[in-house]
Amino acid sequence: MPLPSHPLRKLGFLTIGLFDEADPRRGHESTLEIIELGERLGFDSAWVRHRHLQYGISSPVAVLAAASQRTSRIELGTAVIPVGWENPLRLAEDLATVDILSGGRLNPGVSVGPPMHYDQVKQALYPDTGDVEDFGYARVERLLDFVRGKSATDFSGVEGFEVFSDRVQPHAAGLGRRMWYGGGSLRSAQWAGEHGMNLLTSSVVKAEESEDFAEIQRSHIRTFRAHHPDGDRARVSQGLVVIPTDSASPEQREKYEEYALKRTLRTATPQGPARMMFAPDLVGTSEEIAERLYAHAAFREVDEVAFALPFTFGHEDYVQILTDLATRLGPALGWQPAA
């Protein structure tokens, strides 16, 4: 097995936080318990996905606020908040508040584009402005400005007994440097670099210059760093679906392999008009997965990851996967758990 050029520095995980409509509390509680377990196992970060009008976390900022009070060290991230659903000023206030509550541990990841199924939802979301809303990069620029402390108004001072600020309060110092962009194209990678963000890469990319997933993702990472003020030091996190089976039961192994097999066909060629490429799920022993990662062109470009947990598994499956990630795969990649 080839040795990495340098050890994995940060190990994180990503969960969608599924729940049963008839008992939503149990699903949210499971997510919080998984984050607590991640801290005990020494993970550096825990990330939650964002789902609207589905049975997954619709308010990651609220969930992470709760997680911030049940943990003390692990970093907490969103991967990602689609800002097309958000008012950037209000979102900046929420992010700053949770960052303050967490002691500076929040890592907000965002993306652009119109909300999914926009034609069906725009009347509920933007009844008066649905046809003129800007869902491009400018929406994230507004969010970055507010988070980084630029003025939101030309009014400040005292009015009666009220004191007003011209910028978002609370102001969370340092949060602006912990803003991430979830990108899967060369344009997004370049834009994120030019705006001093960190880059979240996932298991989905656009097949623009190649049909080899790892080569495409590597080109995004290099493009991002070429346009970032920090150059090669600019932070990038990789988010492949990784399922170690070291301590899994025979039944779990069979379930995991069937899950990956059903998703394999879509990884062979670009999908749809947008030519999206999907990475194969990595299932196997930690030694097998480490070997495949070391052979992955994009993995060799990063020193931090946030491996994605499969969407549809049970709580006990996530406990097994996280435990193997922290105790088997992480060490095989040179990672050391946080104290």
Side-chain angles (χ1 to χ4, degrees), residues 14-19 21 24 27-28 31-32 46-68 76-99 101-102 106-148 150 152 168 172 175-176 178-185 187-188 191-192 195 197-204 206 237 239 272 274 276 306 308 311:
L14 167 65
T15 180
I16 193 173
L18 289 179
F19 59 84
E21 183 179 17
H28 285 77
T31 296
L32 293 172
W47 303 72
V48 294
R49 288 188 185 272
H50 202 169
R51 288 293 184 268
H52 287 294
L53 304 178
Q54 294 178 266
Y55 305 107
I57 293 171
S58 62
S59 183
V61 180
V63 170
L64 294 183
S68 76
L76 305 168
T78 63
V80 290
I81 296 174
V83 294
W85 288 84
E86 307 289 341
N87 178 293
L89 175 56
R90 278 291 301 115
L91 180 58
E93 291 177 326
D94 287 346
L95 295 176
T97 299
V98 176
D99 192 51
L101 291 172
S102 71
L106 192 64
N107 283 263
V110 299
S111 66
V112 301
M116 186 179 294
H117 303 134
Y118 186 56
D119 286 344
Q120 288 74 40
V121 77
K122 70 178 180 180
Q123 186 58 33
L125 188 59
Y126 299 115
D128 301 316
T129 60
D131 293 329
V132 296
E133 289 288 337
D134 181 0
F135 297 123
Y137 295 116
R139 206 176 188 94
V140 177
E141 289 187 56
R142 289 169 57 203
L143 174 64
L144 289 175
D145 285 346
F146 296 142
V147 166
R148 291 170 175 171
K150 290 192 176 181
V168 164
L175 181 59
R178 284 180 270 114
M179 296 294 294
W180 295 74
Y181 188 84
S185 70
R187 182 186 177 207
S188 290
W191 185 90
H195 288 79
M197 300 185 76
N198 307 302
L199 181 65
L200 285 168
T201 64
S202 70
S203 57
V204 187
K206 276 190 176 181
S237 179
M276 305 307 295
F311 290 170

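- Heavy-atom neighbours of Glu21 CD from other residues, nucleotides or ligands within 6.0 Å: at or below the threshold of 12.
- Under the side chain to side chain donor-acceptor pair (under 3.5 Å) criterion, Glu86 pairs with no residue at all, not counting sequence neighbours.
- Minimum interatomic distance between Pro115 and Leu125 (heavy atoms only, all atoms of both residues): CG-CD2, 3.8 Å.
- With hydrogens and angles disregarded, no donor-acceptor distance shorter than 3.5 Å links the side chain of His50 to the backbone of Pro60.
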Leu143/Val110 under side chain to side chain contact (heavy atoms under 4.5 Å, CB included): CA gap, chis, key distance, verdict:
CA-CA 10 Å; Leu143 174 64; Val110 299; 3.9 Å; yes

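- By the 4.0 Å N-to-carboxylate-O rule, Glu133 lies close enough to Arg139 to be salt-bridged with it.
- Judged as a ring-ring contact (aromatic ring centres under 6.0 Å, His included), and not counting sequence neighbours, Tyr126 has no contacts.
- In this structure Asp99 satisfies the side chain to side chain donor-acceptor pair (under 3.5 Å) test together with Arg178, sequence neighbours excluded.
- For the pair Lys122 and Asp131, the minimum side-chain heavy-atom distance is below 4.5 Å.
- Listed by chain and number, the residues in a side chain to side chain donor-acceptor pair (under 3.5 Å) with Gln123 amount to none (sequence neighbours excluded).
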Run the side chain to side chain contact (heavy atoms under 4.5 Å, CB included) check on Leu95 and Leu175 step by step: do they pass?
CA-CA 9 Å; Leu95 295 176; Leu175 181 59; 4.1 Å; yes

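- Atom CH2 of Trp180 is separated from atom CG of Leu199 by 8.0 Å, given to the nearest 0.5 angstrom.
- Looking at residues two or more places apart in sequence or on another chain, you find no ring-ring contact (aromatic ring centres under 6.0 Å, His included) involving Phe311.
- A donor-acceptor contact shorter than 3.5 Å links the side chain of Thr31 to the backbone of Gly27.
- Inter-residue side-chain proximity for Met197 and Leu144 is flagged as met; some heavy-atom pair is nearer than 4.5 Å.
- Remark: Asp94 engages Arg90 in a side chain to side chain donor-acceptor pair (under 3.5 Å) (not counting sequence neighbours).
- By the side-chain contact (heavy atoms from CB on, under 4.5 Å) test, Ser111 pairs with Val80, Pro82, sequence neighbours left out.
- Here Ser185 pairs with Arg187, Ser188, Lys206, Glu208 under the side-chain contact (heavy atoms from CB on, under 4.5 Å) rule; sequence neighbours left out.
- Annotation: side-chain contact (heavy atoms from CB on, under 4.5 Å) contacts of Val204 (sequence neighbours excluded): Ser202, Met276, Phe278.
- Side-chain contact between Thr15 and Trp47: absent, with no pair of heavy atoms (C-beta onward) separated by less than 4.5 Å.
- For the pair Asn107 and Leu76, the minimum side-chain heavy-atom distance is 4.5 Å or more.
- In this structure, Leu106 CG and Thr78 OG1 are separated by 7.0 Å, a value rounded to the nearest 0.5 Å.
- Remark: Asp119 engages no residue in a salt bridge (charged side-chain N to carboxylate O under 4.0 Å, His left out) (not counting sequence neighbours).
- Among residues two or more places apart in sequence or in another chain, the side-chain contact (heavy atoms from CB on, under 4.5 Å) test is passed with Ala152 by Leu89, Phe146.
- Taking the ring-ring contact (aromatic ring centres under 6.0 Å, His included) definition, one finds that Trp191 meets it with Tyr137, Tyr181, His195, sequence neighbours left out.
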Walk me through it: do His28 and Val63 pass the test side chain to side chain contact (heavy atoms under 4.5 Å, CB included)?
CA-CA 8 Å; His28 285 77; Val63 170; 3.9 Å; yes

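- Going from atom CD1 of Ile81 over to atom CG of Leu91 covers 5.0 Å, rounded to the nearest 0.5 Å.
- Closest of all the heavy-atom pairs between Leu200 and Ala79 is CD1-CB, 4.1 Å.
- Going from atom CG of Leu64 over to atom CG of Leu101 covers 11.5 Å, rounded to the nearest 0.5 Å.
- For the atom pair CZ of Arg49 and CD1 of Ile16, the computed distance is 6.5 Å after rounding to the nearest 0.5 Å.
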